[in-house]
Amino acid sequence: MADSKDVNGDNQEEVLSGKKLERASLLDSGEDFEMLKDMEDDVDEDLPPLEDAGGGQKKNNVAKDAAKSDVNADQTPTQTEEWLDVLSNGQLKKKVLEPGAGPDSRPQRGQNVTIHLKTSLTDGTVVDEQPDLSFTLGDGDVIQALDLTVQLMETNEKALVEVGAKYAYGALGSSSPAIPPNADLTLEVQLLSVADAPDQELMPPSERINLANKKRERGNVHYQHADYAFAINSYGIALQITEASSRVDISEQEEEELLDMKVKCLNNMAAAQLKLDHYDAALRSCVSVLAHQPDNVKALFRKGKVLALQGETAEAIRTLKSALKLEPSNKTIHAELSKLVKKHSEQKGAEQAMYKKMLGNPTNASVQKHSAKSSWGLSWKWLFGATAVAIGGVALSVVIAARN
C-alpha cells in the first residue's frame with residue numbers, strides 16, 4: 001500500500017490526478033486534517049473536511065459486507081470445481097495453486113503475516129509485486145480481498161485470487177500501485193510466515209508510536225476512499241496502541257509523542273464519525289481531545305459543528321466563539337459562526353411570534369383597556385356635570401319665585 005504524504009483524516013495514498021486527487025488529499029499524517037481551500041461553500045477551507053457532515057452519502061456497504069462475511073477456517077464458502085467463492089457473490093474467488101502445510105497452519109485474526117504478492121489487471125498487466133508484504137490480519141492494513149482470503153490459506157500455500165473492484169481499490173483506484181478506478185484484479189498470493197503480534201506492553205515506546213502512526217495512516221487511506229467505518233476501525237486500533245500500559249521505561253518526550261498521536265487519532269475519528277452521522281460518538285471524540293488540549297481549534301470547531309447538527313445552537317455558538325478567539329482570522333470559523341448566529345436570531349424571532357400568537361397581542365389589549373377606562377371616566381364626569389347644572393337650575397327657579 002502507498003505511504004502517506006505529509007499533508008488528518010484520511011501514510012496518504014494519492015488516488016487520482018487532477019481535481020479528484022485534490023479532493024482526496026483530505027488528511028495529514030503530520031497534523032490531522034489538511035487546511036482545505038478554494039472548495040465548495042459547504043466544505044471547510046481551513047479546518048478538517050466536514051463538507052457533508054449533516055448527512056452526506058456514506059459508502060458503508062462494503063464495510064457491512066465485510067462484517068457479514070468475516071471468513072474463518074470453520075466456515076465453508078461456496079466452492080465450484082477448483083475455485084472457492086469466498087463471499088458467495090462472485091466478487092472474491094480463490095484457487096489453490098500449491099498446497100500448504102495443512103489446516104492447522106492457517107493464521108488467525110490478530111496475527112502478523114508475511115506474504116509474497118503479485119497484483120495484475122484482468123488483462124494480465126502486472127502492476128505491482130511485493131516479495132515480503134507484512135501486515136496484521138484483520139486490522140484493515142491491506143485491501144479487503146487480502147484480509148479475507150489470507151485467513152483461509154495455509155502456511156506456504158500459493159493461491160490465485162480474483163477480486164472485484166469493490167474489495168480492492170474501489171471507485172477511486174490508486175496511484176501507487178497504479179490501479180485504474182473500478183478495476184477488477186487478479187492476485188497471486190503466497191503465505192510465507194505467520195507469527196503472533198508483539199506484546200504492546202513490552203514494545204519500546206518508539207515502536208509503539210510508529211505502529212500507531214501506521215494504523216492511523218491506514219485509517220486515512222480508508223477515509224480517502226470514503227470507507228468511513230473501516231477508517232474508524234483503524235483509528236480505534238491506533239488509539240488502543242497509544243493507550244496501552246507500558247512495562248518498559250518511557251521518557252517524558254515519548255509520553256508527549258504518544259499523547260499527540262492519540263489526539264490526532266481522536267480528531268480523525270471524529271471526522272469519520274461525522275461522515276456517518278454518528279453525532280454522539282463524534283462529540284465524545286471531540287471532548288476527549290479537548291480534555292487533553294483545551295485549545296485545540298480543530299476539536300473546538302468540530303464540536304461546534306456537532307452541537308449545531310444536534311440542534312444545540314446556543315452552545316454551538318459559544319464553542320465556535322472560543323475557537324475564533326484562538327484563530328481570529330480564520331474565515332471558516334467566521335462563516336460558520338455567522339451562519340449560526342443568524343439561524344439563532346431567526347429562531348428567537350419565530351419563537352416570539354409564536355408566543356404572541358398564543359397569548360394574543362398584549363399591547364393592543366392594554367390600549368383597549370386604557371381606552372375603556374378613559375371612556376368610563378368621561379361618562380361619570382359628564383353625568384356629574386349635568387346633574388349639577390340641573391340642580392343649579394332648580395335652585396335658581398326657587399329663588400326667583402320667592403322674590404316674586
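What you see below is based on every heavy atom in this structure, not just the backbone, and it leaves out hydrogens, waters and symmetry mates. In this chain, numbering begins with 1 at the start of the sequence shown.
Residues I250 and L258 have side chains in contact (heavy-atom distance under 4.5 Å, counting atoms from C-beta outward). V189 is not listed as a side-chain neighbour of T149, based on a closest heavy-atom distance of 4.5 Å or more. At a threshold of 4.5 Å between non-hydrogen side-chain atoms, the residues H225 and F230 do not count as touching. Taking the side chain as every heavy atom from C-beta outward, L340 and E336 approach each other to under 4.5 Å. A heavy-atom distance below 4.5 Å is not found between the side chains of V221 and S234. Within the 4.5 Å cutoff, side-chain heavy atoms of L187 are placed close to those of I143. The shortest distance between side-chain heavy atoms of L87 and Y167 falls below 4.5 Å. Taking 4.5 Å as the limit, some side-chain heavy atom of L191 sits within range of a side-chain heavy atom of P107.
With hydrogens and angles disregarded, a donor-acceptor distance shorter than 3.5 Å links the side chain of N296 to the backbone of A299. Checking side-chain atoms of R208 against main-chain N and O of A244 turns up a donor-acceptor pair under 3.5 Å. For D85 (side chain) and K93 (main-chain N/O), no donor-acceptor pair under 3.5 Å exists by modelled atom type. Side-chain atoms of N210 come within 3.5 Å of backbone atoms of S206 as a donor-acceptor pair (strictly under, hydrogens ignored). In this structure, the side chain of H222 engages the main chain of G140 through a donor-acceptor pair within 3.5 Å. Using modelled atom types, no side-chain atom of E327 and backbone atom of A323 make a donor-acceptor pair closer than 3.5 Å. Formation of a donor-acceptor pair under 3.5 Å by the H116 side chain with backbone atoms of L133 is not found in this model. In this structure, the side chain of E207 does not engage the main chain of P204 through any donor-acceptor pair within 3.5 Å.
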Test side-chain contact (heavy atoms from CB on, under 4.5 Å) on L324 and H334 and set out the steps. CA-CA 7 Å; L324 193 60; H334 271 291; 3.6 Å; yes
Please step through side-chain contact (heavy atoms from CB on, under 4.5 Å) for the pair L239 and K262, ending with a clear verdict. CA-CA 6 Å; L239 276 174; K262 178 180 179 178; 3.6 Å; yes
Going through the distances and angles, do L137 and Q108 end up as a side-chain contact (heavy atoms from CB on, under 4.5 Å)? CA-CA 7 Å; L137 193 61; Q108 302 296 318; over 6 Å; no
Between L274 and L309, does the side-chain contact (heavy atoms from CB on, under 4.5 Å) criterion hold? Intermediate values first, please. CA-CA 10 Å; L274 271 167; L309 290 166; 4.0 Å; yes
All N/O donor-acceptor pairs, side-chain side in residues 152-159, below 3.5 Å, sequence neighbours left out:
{"residue": "E154", "atom": "OE1", "partner": "G100", "partner atom": "N", "Å": "3.3"}
{"residue": "E154", "atom": "OE1", "partner": "G102", "partner atom": "N", "Å": "3.0"}
{"residue": "T155", "atom": "OG1", "partner": "S105", "partner atom": "O", "Å": "2.9"}
{"residue": "E157", "atom": "OE1", "partner": "E154", "partner atom": "N", "Å": "2.9"}
{"residue": "E157", "atom": "OE2", "partner": "K94", "partner atom": "NZ", "Å": "2.9"}

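The number of heavy-atom neighbours closer than 6.0 Å to CG of D249, taken from other residues, nucleotides and ligands shown, is 12 or below. K339 NZ: 12 or fewer foreign heavy atoms inside a 6.0 Å radius.
In this structure, A282 and A270 approach most closely via the heavy-atom pair CB-O, 3.8 Å. When every heavy atom of C265 is checked against every heavy atom of R216, the shortest pair comes out as SG-CD, 3.6 Å. Closest approach of N112 and A197 over heavy atoms only: ND2-CA, 3.8 Å. Contact detail for E201 and S245: the closest heavy-atom pair is OE2-OG, 2.9 Å. For the residue pair D147 and V142, the shortest heavy atom distance occurs at N-CG2, 4.1 Å. In this structure, F135 and I115 approach most closely via the heavy-atom pair CE2-CD1, 3.8 Å.
Partners of Q240 by side chain to side chain contact (heavy atoms under 4.5 Å, CB included), not counting sequence neighbours: none found.
The CG atom of L160 sits 4.0 Å away from atom CH2 of W83, with the distance rounded to the nearest 0.5 Å. The OG atom of S120 sits 11.0 Å away from atom CD of E162, with the distance rounded to the nearest 0.5 Å. In this structure, T313 OG1 and K343 NZ are separated by 5.0 Å, a value rounded to the nearest 0.5 Å. Put simply, NZ on K325 and CG on L300 are 11.5 Å apart, with the number rounded to the nearest 0.5 Å. To the nearest 0.5 angstrom, C286 atom SG is 8.0 Å from Q273 atom CD. Rounding to the nearest 0.5 Å places CE of M261 at 10.0 Å from CD1 of I241.
Of the residues K214, K215, R218, R109, the one that meets the salt bridge (charged side-chain N to carboxylate O under 4.0 Å, His left out) test with D141 is K215.
Pairs of residues two or more places apart, or lying in two chains, never qualify as salt bridge (Lys or Arg N to Asp or Glu O under 4.0 Å) while including a residue from residues 278-297.
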